Amino acid sequence: MARAPVIEAFDVSVAYRLARNRTTSMQEFAIRLLKRQIHYEDLWALRNVSFELLHGSVLGVIGANGAGKSTLMKVAARVLPPTAGRIIVRGHVAPMIELGAGFHPDMTGYENLLLYGTILGNDPRDLRRDAEAIADWAELREFLDVPVRSYSSGMVTRLGFAIATWADPDLLVVDEVLAVGDERFQERSRKRMQDLMSKGAAVLLVSHAMATVRELAQTVLWLDHGHAVMLGNPDEVVDAYLAAQHATGSEASLGRSA
Amino acid sequence: MDRDIASVSRTRGVEEVYDSAVRAPLLVTELANLWNYRALIRLLVVRDVLVRYKRSLLGVWWTLLNPLLTMTVMWIVFSHLFRFAVGVSGVPYVVYLLAGVILIIFFQQGTETVASSIVFNTPVLSKVYVPAEIFAVSAGVAAAINLLLSAIPLLIFQLVLGVGIPWTILLVPLPILALLALCVGLGLAVASIAVRFHDVLEFNRVILILIGYMTPVFYPIAIVPHAFQVVIKLNPVYYDLVLFRNLIYGDSLSSWQTWLAAVGSGVIALAIGLAVFARNWRTAAAMI
C-alpha cells in the first residue's frame with residue numbers, strides 16, 4: 001500500500017525578477033531604458049521550502065499576504081517552474097484557483113464546460129457524455145445554453161468546481177474555495193472533496209480561515225516572506241502563527257473564524 | 001436531490017508524473033504537446049473558425065466576403081482609377097489580385113491572432129497547466145482554414161475567366177504550411193513581449209500592414225525599381241506568395257531557390273519563435 005507521495009518538494013525556491021518601476025507599455029519602457037531608469041531586483045517569493053503530501057491527506061498552507069502561498073500553488077499546479085530546488089507531482093492536478101477565471105463570457109455554459117474541461121486535460125468525448133451530470137451537480141442544468149456572462153458569481157464557482165473535480169483528480173490545489181458560495185454549496189463542495197480524498201486524492205489547501213485549516217488539515221505549513229517558518233501538527237502551527245500575529249499586533253481579522 | 005457526479009475513469013490511462021528537474025529537449029516537448037493536446041487543438045480551431053462571426057448577420061460567410069470586398073476595392077482603384085498597365089503574364093488582373101489578397105490576409109490575420117491568443121488567454125494560462133503553444137498553433141490553423149475557405153471564390157474566378165485549375169494545385173498546401181510556420185513563429189515572438197507590454201500588439205499591427213505593402217499583392221514585382229526589389233526579396237512572405245500563385249493558377253513549379261527561401265524562412269522563424277517564447281513566457285506570465 002506504500003504509494004509514493006503526491007507531492008515531494010525539495011528546497012523549492014522561486015525568484016521573480018521585478019523592474020522597480022513597473023511599466024506596462026513598451027513605449028514607456030523604452031524611454032526609461034534610455035534614461036537608465038530601469039532597475040531590476042530579484043524578489044524571492046519562496047526560499048528553500050520542502051514538504052511531502054501523501055495520498056488522502058490535506059496540507060494546509062497559512063501565512064500573511066505576500067508570504068508566498070500563491071506562488072507555492074502555482075508551483076504545485078505546474079504553472080511556474082521553480083527557480084531552484086525540485087518538485088515532483090504525481091498524477092492529475094485539479095487547480096481550483098480563482099474558479100471560473102478561464103471561462104469566456106460570450107460562450108455558453110456548455111461550451112465553457114467543454115473547453116475548460118479539455119484544457120484541464122480531459123477527453124472532450126467524455127465531457128460531452130457527462131455534461132449533464134456535471135451540470136446537475138452544479139445545479140445549472142437549465143442554464144447550460146446560456147452565455148456565462150449572465151451567470152452569477154456563485155454559478156460560475158459551482159460550474160468551475162464541478163468541472164475541476166469531475167475527473168477524479170489526484171491532487172486538488174485549493175485557494176479559499178470553501179469560503180465562497182452559499183452554505184449549501186460550501187457543504188456540498190466539502191463533501192465532494194472528502195469523497196475524492198477517500199479515493200486517495202490529496203489536497204493542498206491555502207486558507208486564511210484557521211478553523212477550516214485546523215479541521216481539515218493533517219499537516220500545516222506556515223510561510224513567511226517565502227520561508228517555511230513551521231511545518232507540522234495543525235494545532236501547534238496555527239497556535240504559534242496566531243500568537244506571532246498577536247505579538248506583532250497585525251491584522252486581527254486573520255483569525256476571524258478561529 | 002443531491003446527486004453526485006458519476007466517477008469516471010480517465011482516458012489518459014498512464015499516471016502522469018511531473019518532475020521539475022527533468023527537462024526534455026524543446027523539440028521533443030513541443031511535438032509531444034501537439035499530440036497529447038490534439039483534442040484541445042481541434043476544439044479551439046472549430047471555435048475560432050465558427051465563433052469569430054457568431055454575433056454577426058452573415059456568419060461564416062464573412063470569411064468569403066472579406067477578401068472579395070478588399071479585392072474589389074483594390075481592383076477598382078488600381079485597374080480603373082490608376083489604370084495600371086499591369087503586366088502579369090497572361091492572367092487576368094482579378095485572379096492575380098485575389099490570390100495575393102487572400103494570402104496576405106492569412107499572413108496578417110494568422111500572425112495577429114497567434115499573438116493575441118496568448119495574451120487574451122493569460123488568465124487561464126497562469127492558473128492551469130496547459131502548454132501555451134497549443135493556443136498559438138490553434139489560432140494559426142484556424143487562419144489557414146479561413147484561407148482555404150476564401151480560396152473557393154478564387155478558383156471560381158479562375159474557371160469563369162478561363163484560367164483553369166492546373167494539377168500543381170495539389171502542392172498548394174506546402175507554401176501554406178511554410179507560411180503557417182512563419183505566422184506561428186512571429187506570433188509567438190511578439191506574444192512573449194506582448195504579455196508584458198500590451199501596446200506591442202498595436203505596434204505589431206502596423207508592422208504587418210507595412211509587410212503587406214512590401215509584398216507584391218496588387219503590383220507585379222517587375223514594375224518596382226531594381227533598388228527596391230532587393231527590399232521586397234528580403235521579405236519571406238514574398239516567396240510564399242510566388243509559390244502560391246505559381247501553384248494555384250500558374251501551372252509552374254517555381255525555382256528551387258524560391259522553395260528554399262519559403263520553407264527555410266518558415267522553419268527558422270518557428271524555431272526562433274518557440275525558443276524565445278519558451279525562455280520568456282513563464283517568468284513574464286507568472287507576474288500577472
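These numbers come from the heavy atoms of this one structure, side chains and all, not from hydrogens, waters or symmetry mates. Everything numeric here is computed off the predicted structure, so don't read it as measured data.
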_What part of A:L114 gets within 4.5 angstrom of chain B, counting heavy atoms only: side chain, backbone, both, or neither?_
both
_Atom group of A:V75 that falls short of 4.5 Å from chain B, counting heavy atoms_ = backbone
_A:E183 atom CD: more than 12 heavy-atom contacts under 6.0 Å_ = no
*Do you know the tightest heavy-atom contact between B:S20 and A:G85?*
OG-O, 4.1 Å
*Would you name the heavy atoms of A:T118 and B:L43 that are closest together and state the gap between them?*
OG1-CD2, 3.4 Å
*For A:F10, is it the side chain, the backbone, both, or neither that has a heavy atom closer than 4.5 Å to a heavy atom of chain B?*
neither
*Side chain, backbone, both or neither: which part of B:Y37 has an atom under 4.5 Å from a heavy atom of chain A?*
side chain
_For A:P5, give me all partners under side chain to side chain contact (heavy atoms under 4.5 Å, CB included), at least two apart in sequence or on another chain._
A:E8, A:E52, A:L54, A:R90
_Proximity breakdown for B:L40 and chain A, heavy-atom pairs closer than 4.5 Å_ = both
_Rounded distance (nearest 0.5 Å) linking atom NZ of B:K127 with atom CD1 of A:I119_ = 12.5 Å
*So, for A:P82 and B:Y18, which heavy atoms are closest and what is the spacing to 0.1 Å?*
CD-OH, 4.1 Å
*asked:* Just so I understand: if I count every heavy-atom pair under 4.5 Å between each of A:I88, A:V173, A:V14 and chain B, which residue has the most?
replied: A:I88
_Side-chain heavy-atom pair B:D19, A:V89 within 4.5 angstrom cut-off_ = no
*Residue B:N121 versus chain A: region with a heavy atom under 4.5 Å*: side chain
_B:I134 versus chain A, the contacting section by heavy-atom distance below 4.5 Å_ = neither
*Is B:R47 close to A:E111 at the side-chain level, that is, under 4.5 Å between some pair of heavy atoms?*
no
